[in-house]
Enquirer: 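I'd like to ask some things about the structure below.
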Amino acid sequence: MEPAEVIAAAVAALREPLPAELDALVATEDHSTRQGLDRSGYGPVPPSAKASDDVQTAYVAVGDASGAAASLFTTGRLMFEGAACDLAVDRMKTYAQVTKALNALLPQVVGWELREEGLACHCVCPMCGLGACGCIWASLHNIDLAWGGPGLAEPDERGIPLRSPPRPGSQLAAAGVQQWDRVVAVDDQAVRAPAELQTALRRHAIGEEVRLRIERDGESREVVVRHASDLP
């Protein structure tokens with residue numbers, strides 16, 4: 001096949017619209033915080049019993065498409081085909097957006113699947129000990145850092161969203177706290193990031209009472225719990 005034919009074929013392939021599912025990911029600004037991922041309180045509702053497989057398949061498809069776009073850009077440059085280069089750059093940016101969305105979606109889907117199988121968070125840090133699992137947050141934070149992003153370390157003035165439902169049988173579950181509720185204060189001290197929440201909880205000895213201010217849909221209430229556990 002002649003180089004011009006290769007370029008024409010690649011351009012035609014890249015001009016095909018993204019599958020609807022991936023296009024929807026591009027349109028969603030922040031998958032790590034959107035409550036739209038879970039309106040029922042039980043985690044993202046996946047399209048199949050093994051949604052993580054679907055996400056992994058999407059990773060492979062986007063990776064293949066990204067490679068094709070990168071190859072088209074180099075070929076277009078060498079063949080002095082500016083339109084092909086412009087298309088390749090545009091598509092590479094789109095695929096980067098999709099990958100970022102998949103990175104944010106996968107930890108929440110995996111967490112949902114594990115909960116469906118009856119496997120709750122086993123971490124014993126102060127947050128998780130109360131039932132406020134911080135492990136999904138840590139996954140999202142570190143995956144984003146590994147891909148060159150800023151992570152989720154920026155303090156959130158609105159408080160800390162609970163990205164998983166409280167562990168069954170935990171103090172927060174017994175108090176009726178739900179996924180996507182926000183912890184906004186500990187003992188009347190505002191908390192804006194998991195590290196601040198952990199520090200505030202560690203000011204109490206194991207077994208001591210702690211007052212948490214929980215917010216849902218703009219309404220807040222106080223929940224009294226006991227510092228249950230910590231890392232060794």
Side-chain angles (χ1 to χ4, degrees), residues 29-35 37-38 41 43-44 100-101 103-112 114-115 119-232:
E29 293 181 359
D30 188 352
H31 288 260
S32 66
T33 59
R34 274 179 58 114
Q35 293 191 29
L37 283 173
D38 169 45
K100 181 179 179 180
N103 287 343
L105 185 60
L106 184 60
Q108 296 174 98
V109 170
V110 170
W112 184 91
L114 290 175
R115 292 193 299 273
L119 300 175
C121 177
H122 288 189
C123 178
V124 295
C125 77
M127 278 181 64
C128 295
L130 297 178
C133 174
C135 296
I136 298 297
W137 182 94
S139 297
L140 293 166
H141 176 65
N142 284 281
I143 290 172
D144 192 52
L145 286 178
W147 282 80
L152 304 182
E154 190 69 25
D156 190 335
E157 299 298 331
R158 299 171 298 166
I160 304 162
L162 301 182
R163 300 173 185 277
S164 301
R167 185 179 63 251
S170 67
Q171 297 179 73
L172 291 184
V177 176
Q178 298 177 10
Q179 184 177 12
W180 297 115
D181 286 358
R182 289 177 176 269
V183 182
V184 298
V186 177
D187 299 326
D188 298 322
Q189 175 186 340
V191 290
R192 305 166 299 162
E196 293 182 0
L197 175 55
Q198 301 279 42
T199 298
L201 293 173
R202 286 188 170 113
R203 293 194 181 101
H204 294 267
I206 300 295
E208 282 188 355
E209 284 191 349
V210 185
R211 292 182 295 111
L212 304 181
R213 177 63 56 182
I214 306 294
E215 185 174 293
R216 181 189 305 163
D217 297 330
E219 297 185 2
S220 66
R221 65 186 177 106
E222 185 174 277
V223 173
V224 178
V225 294
R226 293 185 181 277
H227 183 187
S229 61
D230 203 346
L231 300 172

Enquirer: Side-chain contact, heavy-atom cut-off 4.5 Å: Arg115 with Ser164?
Expert: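 Answer yes - side chains close enough.
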Enquirer: Report the C-alpha separation of Asp156 and Arg182 in whole Å, then their side-chain angles, then the decisive distance to 0.1 Å, and conclude whether the side-chain contact (heavy atoms from CB on, under 4.5 Å) test is met.
Expert: CA-CA 10 Å; Asp156 190 335; Arg182 289 177 176 269; 3.2 Å; yes
Enquirer: Any pair with a residue in residues 223-232 that passes salt bridge (charged side-chain N to carboxylate O under 4.0 Å, His left out), sequence neighbours left out, goes on the list, sorted by first then second residue, please.
Expert: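 Residue pairs with at least one partner in residues 223-232: Arg202-Asp230, Glu209-Arg226.
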Enquirer: His204 and Asp187: which non-hydrogen atoms are nearest, and at how many Å?
Expert: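 Reported closest heavy-atom pair: NE2-OD2, 2.5 Å.
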Enquirer: Whether the side chain of Ser139 engages the backbone of Cys135 through a donor-acceptor N/O pair (distance < 3.5 Å, no angle test) should be reported.
Expert: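 Checked: pair present.
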Enquirer: For the residue pair Met127 and Cys133, establish whether any side-chain heavy-atom pair is separated by less than 4.5 Å.
Expert: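 No, too far: nothing below the 4.5 Å cut-off.
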Enquirer: Any idea which heavy atoms bring Ala173 and Arg167 closest together, and the distance?
Expert: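 Scanning both residues completely, I find the closest heavy atoms to be CB-O, 3.4 Å.
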Enquirer: How close do Val223 and Ala175 get, heavy atom to heavy atom, and via which atoms?
Expert: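 Taking every non-hydrogen atom into account, CG1-CB, 3.7 Å.
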Enquirer: Given 3.5 Å as the limit, does a donor-acceptor pair link the side chain of Ser220 with the main chain of Arg213, or not?
Expert: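 Side chain of Ser220 to backbone of Arg213, a donor-acceptor pair under 3.5 Å: no, none is there.
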Enquirer: With side chains defined as the heavy atoms from C-beta onward, is the minimum distance between Val184 and Arg192 less than 4.5 Å?
Expert: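 No. Closest side-chain heavy atoms not under 4.5 Å.
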Enquirer: Does Lys100 come within less than 4.0 Å of Asp144, counting only side-chain N to carboxylate O?
Expert: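 Salt bridge: no.
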Enquirer: Is there a side-chain contact between Leu162 and Trp180 (heavy atoms, below 4.5 Å)?
Expert: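 The answer is no; the side chains never approach within 4.5 Å.
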Enquirer: Give the minimum heavy-atom separation between Val191 and Ile160, together with the two atoms involved.
Expert: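 For Val191 and Ile160, the tightest heavy-atom pair comes out as CG2-CD1, 4.0 Å.
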Enquirer: What's the separation between atom CG in Leu231 and atom SG in Cys123, rounded to the nearest 0.5 Å?
Expert: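 Result: 5.5 Å between the selected atoms.
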Enquirer: Side-chain contact test, heavy atoms from C-beta onward, threshold under 4.5 Å: evaluate it for Gln189 versus Arg203 and give yes or no.
Expert: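 Gln189 reaches Arg203 side chain to side chain.
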Enquirer: Does a side-chain heavy-atom distance below 4.5 Å link Asp217 with Glu219?
Expert: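 No, every pair of side-chain atoms sits at 4.5 Å or beyond.
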Enquirer: Shortest non-hydrogen contact from Leu152 to His141?
Expert: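 Minimum heavy-atom contact is N-ND1, 2.8 Å.
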Enquirer: The criterion is side chain to side chain donor-acceptor pair (under 3.5 Å); which residues satisfy it with Asn142, sequence neighbours excluded?
Expert: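 Once residues adjacent in sequence are excluded, Asn142 has no partner under the side chain to side chain donor-acceptor pair (under 3.5 Å) criterion.
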Enquirer: Between Leu212 and Leu172, which heavy-atom pair has the shortest distance, and what is it?
Expert: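 Scanning both residues, the minimum pair turns out to be CD1-CD2, 3.9 Å.
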Enquirer: I'd like to check the salt bridge (charged side-chain N to carboxylate O under 4.0 Å, His left out) partners of Arg211; sequence neighbours left out, ordered by chain and number.
Expert: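 If we apply the salt bridge (charged side-chain N to carboxylate O under 4.0 Å, His left out) test to Arg211, skipping adjacent residues, the hits are Asp188, Glu222.
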Enquirer: Do Arg221 and Val177 have side-chain heavy atoms sitting under 4.5 Å apart?
Expert: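 Arg221 vs Val177: side chains touch.
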Enquirer: Would you say the side-chain atoms of Glu208 pair up with the backbone N or O of Ala205, donor to acceptor, closer than 3.5 Å?
Expert: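 Looks like yes, one N/O pair under 3.5 Å.
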